[in-house]
Structures are given as C-alpha cells and as structure tokens.
Undergrad: 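Before I ask anything, here is the structure I am working with.
Note that ligands are numbered from 1 as they come in the structure, with each ligand's atoms numbered from 1 the same way.
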Amino acid sequence: MDSIVEAYLQRYGVSPGAQRFLRKTQKMYINGEWMGASEGAVADVIEPSTLGRITQIPLATVADLDRAVGAARAAFDSGPWRTMKPLSRERLLHRLADLVEANAAEIAEIESVDMGKSVTSARDIDVQGTVDTFRYFAGWATKIHGRTVEPAALPGEYVAFTRKEPVGVVGAIVPWNFPLQTMAWKLAAALAAGCTVVVKPAELTSLSALRFAELVEEAGIPPGVVNIVTGTGRDIGAAMSRHPGIDKLSFTGSTPVGQEVGRAGLDTLKRLTLELGGKSPVLVLEDADLAAAARAVANGVFFNSGQVCDAGTRVYVQRDVHDAFMRELVDVTRTLKMAPGLDPDCFISPLVSLQQKRRVASYIDAGITEGAELAYGGRAQDGCFVEPTIFAHTRSDMRVVREEIFGPVLVTAPFDDLDAAVAEANDSPYGLAAAIYSNDLGRVHRLIPRLKAGSVYVNAHSTLDPAMPFGGFKQSGFGRDLGPEQLDFLTETKAVWITLP
Ligand code: NAD
C-alpha cells in the first residue's frame, strides 16, 4: 500500500477490519478455495482521491475461469445446492445477509476506498441494499413453483403441469459504479432459484466482491456455489460470454460491451440479461414544487458523481418556470460537498479512475464547443474529481445530449408543450428510466405510458427496491433484475404431460 493511501486511511480513522482486508494479499475464491491467478499476473488497485496504490488483485487466466465454471457446474449437477430443501437455502441466504449487515461499516469503507464513492452512501445504499436484496430473495427460495394446467383443446385425459427449474450455471459480469450491490442483485436471485454462480467483478473495483466471498465461506455456502474470478473484461468477460459451461449470463455495463456479450452469448444460445447504459430524461412541469424538484433532480443526476446508469441526465423544463427552476437547481448544486469518499459529508466523490475523469472532461469540452451554455461547474480538478456541471439551453443534436457521459454532467432545455417534451424525452436510443415532476395527477398518468423507459419515477429519482423490477427498454437492454420478474430469467419452465390410461 502506498504511503499516501496509508495516510488517507489514518486521517479518516478507517476501521481495523477494513485495514486488515486492504493490506492482505488478495486471492480469488474458486470452489471454496482461495487462489492467485494461475500465471501469477496481478493488477494494481488505485484509490481515486489520492491516486495511490491500495493493493493488487489477481488477473485470472481462461484456465482459472474454466476451473471456476467447472466448480459451479459440479456444484449444480451433483452438489447439494439445487437439491437442498428450499428452506435450508433460505436459511443460508439469511445467514449471509446477517454477516453482511454485521460487517456493514467495514464493507462500506472498503467499497469507498476502492471505488472512490462516499462512505456514507456506500453504507446506506450499497451495503444496506445488498442486505435487503439477500433477505428479499431468501424469502423467494420457498416460493418458486409451476402451475397445474387444464388443457384447453386437446382431446383426451391428461395431467398437465409446469415446473420451474433453475437455469444452471449463471455467469455474472458486474460494472464498477455499484460493485457490491450490482453483484448482490445478480447473486441473490440466482442462489434463491437454485443456480450456482461465477462472478466477474469490474477490474477497477473487485475488492468488495472478494470481502463478500469471505462471508460466503463463513456463512457455510457449499464450495462451488459462489465463485469470484477477478480479471479483465477483454479476457475473462469475453471468455465468459463464449463459455459453453455457462447457461445464463447476466451482464451489467455499457451498451457497446453488452452488444458484444450478447453476440458472443448467442453462439451457445445462452440465456441473457443485459442491463445497459442510459440517458434518462426528466420532465419538470409548470405546476411542480420547484424547490423540491430541484433538490430531487440534483440528487438524481449528481448522486455517486453521476456514475449511475439511470441518472436523470437530460432535464426538460416547461418554459414558464424554466428560469426559476434553473436558479433553484444551481443553488442546490452549489451546496453539494465535493470531498474524498471517506469524508462522511462527501456528496461529490472523485470519479472511479483518471480515464473516466478524462472521458467526462472531454464531454464537457464538447458541450462548450458545440455551443451549450455552461450554467454551473465545468472544471476537472486534482485526483479524479470533476465539478458538478450543468449545461443550459442545449439542443438535441449535441453530443452531451445524445451520449451517455457517466459523470456529473446535466443538460437542460426548456419546452413549450407536453407533446414536444415527450418527443424530446423519447428521442434517444436508450430507455432505462424517466422522471416526471408534477402534482397534476391527470397529466402525470397520461405521461407515464408515453415514456419509453423501464422505470418511471414521479417526484423522485432512482427509487429502487428489491421488490420492484429494474431494467431497460430499447438499447438499455433486456431482462430484469429484482422483483419476482428476475426469477423468470433464472428458471426454465418445463411442461409435463401425463397421459391417463
Ligand atoms: P463496461 O461495459 O466497460 O464494463 C462492465 C463489465 O464488463 C466489467 O466487469 C468489464 O470488465 C466487463 N467487460 C468489459 N469488456 C468486456 C468484453 N469485451 N466482454 C465481456 N465483458 C467485458 O461498463 P463500466 O464502464 O464498468 O460501467 C459503466 C456502464 O455500465 C455504463 O454504461 C452504465 O450505464 C452501465 N450500467 C448499467 C446498469 C443497468 O442496470 N442498466 C447499472 C450500472 C451500470
């Protein structure tokens, strides 16, 4: 660990538990055993506010992946997980949730140091969300079943019923913006359904997954049921997409990579869930509570420094209230504290990497060059920090309006009538989420079906819960995480016909 990171941990009094973990030699968790990469390759893990090195993670080879897939296959085909009584699976998932909860503060520190995010939101959102997701799906383990069917037309006498069977070995490829929580979304439902899993965390943020693997072991989940393989997307992610031993691939990440994963997955006809990018529109209507809307809009785009797939990044404001709303929005944005993630009051944390900072800064430059009016922010700072940035009076052909930036950058424009606002909102290849700010129930209800998005938030943004499905329309992907809907993507439906003599 570099001394600058040591000093950072000391300054914020990071717990002994997190320090122990961050200083240890990191190993992958395959078939219930801890191991380095078979060829010994490692990658540095960088802390985003100091740019110092925290530790190193193993870079798996395809042979390591094969071993993990083989372990998951054996655990599925002949291990105890699928055949275990659902109540026993439920109990183990609750035990795992309890262990995550008992170690919440330490895991939040690890997530914050690794990804750069606010330690407070890591604890309250990422870790708490992980606990809630495991508890929610633990309850589903005993409630997955088929139905008996009365054949509608076929002459003769039959007993006909369906069975819901676990899809098999699930590969989970996870991005870096909510590393633990996104992994939990994929793991909890898969395990409840009786599947076994191979997880590949993002190479920038693998540490919380490795800490989680310690808790998987402590909870007594049998070897091979959960395997964590650290490695690059280019090598290990791509190999997972092609792997004949993986029955279902659940991918969260960018749309271009999702398209590659989808193409490769189709060669073996894998079941696919693709949770991809977004450029979510927000409509602020003239009757909205402007102060409340400004607070929610700022939170909806600047939370996690804008590194949120469903961030409300395009805001359309009814012209009569446009100037008043923009004043409120700028005032709220000014109050957001930019600080290192371990600062308990941090709201704007550093971006995950220098590469991401450069990408976001280049979009800000593009916005200025294309003639957008810079209403707030716009500067990149030391470390991986970028100020929250608001562009006003943008046009729909600008790159900052069309492309996903994945940083703290908001574009806004006024609108005159609702038809024009809906057209602007839907004028995007993405369809992950949309938001409406209004208290006019009639207008809100008429707008909801017209917005092409997997989630519609009214008078809030990113209200997520394990009981509600999450996923995209259009190029934001297909399939759903969370809610009972997710279980449909982790089970095969078998139709059984018994002909009566
Ligand atoms: P990314 O697509 O670069 O990487 C995501 C994961 O895919 C990482 O684990 C990476 O190692 C792996 N990967 C990279 N190249 C691969 C390849 N060729 N084959 C297989 N796997 C590969 O995305 P990111 O930069 O980590 O995350 C940001 C993106 O994720 C944004 O576009 C964001 O909108 C999206 N995202 C979507 C959701 C959602 O639920 N829809 C949630 C979070 C993030």
Undergrad: Anything under 3.5 Å between a donor and an acceptor, one on a side chain of residues 427-437, the other on a protein residue two or more places apart or in another chain? List them.
TA:
unit_1 : atom_1 : unit_2 : atom_2 : d
Asp427 : OD1    : Arg402 : NH2    : 3.3
Ser428 : OG     : Tyr430 : N      : 3.0
Tyr437 : OH     : Ala460 : O      : 3.2

Undergrad: For residues 448-456, which side-chain donor-acceptor pairs fall under 3.5 Å, sequence neighbours excluded?
TA:
unit_1 : atom_1 : unit_2 : atom_2 : d
Arg450 : NH1    : Asp419 : OD1    : 3.1
Arg450 : NH2    : Asp419 : OD1    : 3.1

Undergrad: Is it true that Arg480 and Asp488 make a salt bridge, defined as a side-chain N closer than 4.0 Å to a carboxylate O?
TA: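 Looking at Asp488 together with Arg480, the answer is no, because their closest N to O distance does not fall below 4.0 Å.
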
Undergrad: Kindly tell me which protein residues have any non-hydrogen atom under 4.0 angstrom away from an atom of ligand 1, grouped by chain and ordered by number?
TA: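 Correct list: Ile173, Val174, Pro175, Trp176, Asn177, Lys200, Pro201, Ala202, Glu203, Gly233, Gly237, Ala238, Ser241, Phe251, Thr252, Gly253, Ser254, Val257, Glu260, Val261, Glu275, Leu276, Gly277, Gly278, Cys309, Glu404, Phe406, Leu432, Phe470.
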
Undergrad: Show me, pair by pair, the donor-acceptor contacts under 3.5 angstrom made by side chains of residues 167-178, not counting sequence neighbours?
TA:
unit_1 : atom_1 : unit_2 : atom_2 : d
Asn177 : ND2    : Gln307 : O      : 3.2

Undergrad: Find out whether the Lys NZ or Arg CZ of Lys24 is both under 6.0 angstrom from the six-membered ring centre of Trp34 and within 45° of the ring's axis.
TA: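 Yes, Lys24 sits over the ring of Trp34.
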
Undergrad: Describe, in one word, how the ring planes of Trp140 and Tyr136 are oriented to each other, choosing from parallel (under 30°), tilted (30 to 60°) and perpendicular (over 60°).
TA: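 Ring orientation of Trp140 relative to Tyr136: perpendicular.
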
